[in-house]
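Worksheet: the structure to be examined is printed underneath.
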Amino acid sequence: MTDPEDREQQADVTRLLLHHLNAPVAEYCYLRGVLPAPGAVRIAIRAGDDEHAMDFLYEIPNDTVAPYDIPGLLRTVLTGPQIYSSSDVDEAMGMTLVRLRPEEISPAPEPEQGQALAVLRALYDPGEDENPFLIGFLLHGEGLLRLYVQRPDRPGIFGADIRLTETPPTALVGSLPTLVREEQYLRPAPDDPHCDLLVDLIDW
């Protein structure tokens, strides 16, 4: 793999899929690996229960889909019947290799947990262990995520409420350290003993 863009895409897909080592990609479908291939990324999936499990290797050409869309693409492939031509099916390392055509597949929506994970990953900075900004979270309500954060310039804990969306709210996440300082968004938190004030960013 010599193309820097291919290497970057491979690394992005690997990072995005890491949590599926603990959580299924789809029902009874578990991540087994992310492998590099010329001009493509290959996702190894074990499908089925232990007794009747089968291993598949799904090949997705680089530059045909954004890394963030790959989990949704896999969910679509793994949850419904798919028809492949014989030229798209092969074998590699004892697994059935399936070459996907992403332009013909609509990615399934990201579940709430996956949407929350995207936000939390974007906010978490392992280099800030001595003065962390994000110190907790809670999924609550319909598609709402409360982020428990600390401001370096003010004591106490702030609960920032945001609405989860299928596409990560990049602008909101990037602006969050500034938004929690703005008085217009601050509310009392009478029903949440885990924070001193709420920051209402649901409609931001």
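These figures come from a predicted structure and were not determined experimentally.
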Result of checking V98, L73, V13, I105 against I60 for side chain to side chain contact (heavy atoms under 4.5 Å, CB included): L73
Taking the side chain as everything from C-beta on, heavy atoms only, tell me whether [X] gets closer than 4.5 Å to [Y].
X    : Y    : value
E91  : L97  : no
D200 : L198 : no
V41  : T14  : no
Y58  : L78  : yes

Would a hydrophobic clustering, with Ile, Leu, Val, Met, Phe, Trp and Tyr connected at side-chain separations under 4.5 Å, put [X] with [Y]?
X    : Y    : result
F133 : L172 : yes
V173 : Y148 : no
L21  : Y30  : no

Shortest non-hydrogen separation from S87 to R99 and the atoms involved: O-NH1, 3.5 Å
Contact summary for L35 and A44, nearest pair of heavy atoms: CD1-CB, 4.1 Å
Lys/Arg N to Asp/Glu carboxylate O, D161 vs R187, below 4.0 Å: no
Between [X] (side chain only) and [Y] (backbone N and O only), is there a donor and an acceptor less than 3.5 Å apart?
X    : Y    : value
R46  : A53  : no
R163 : G143 : no
Q115 : E110 : yes
R121 : R15  : yes
T96  : F56  : no

Working for side-chain contact (heavy atoms from CB on, under 4.5 Å), residues Q10 and V34: CA-CA 8 Å; Q10 177 75 29; V34 181; 3.5 Å; yes
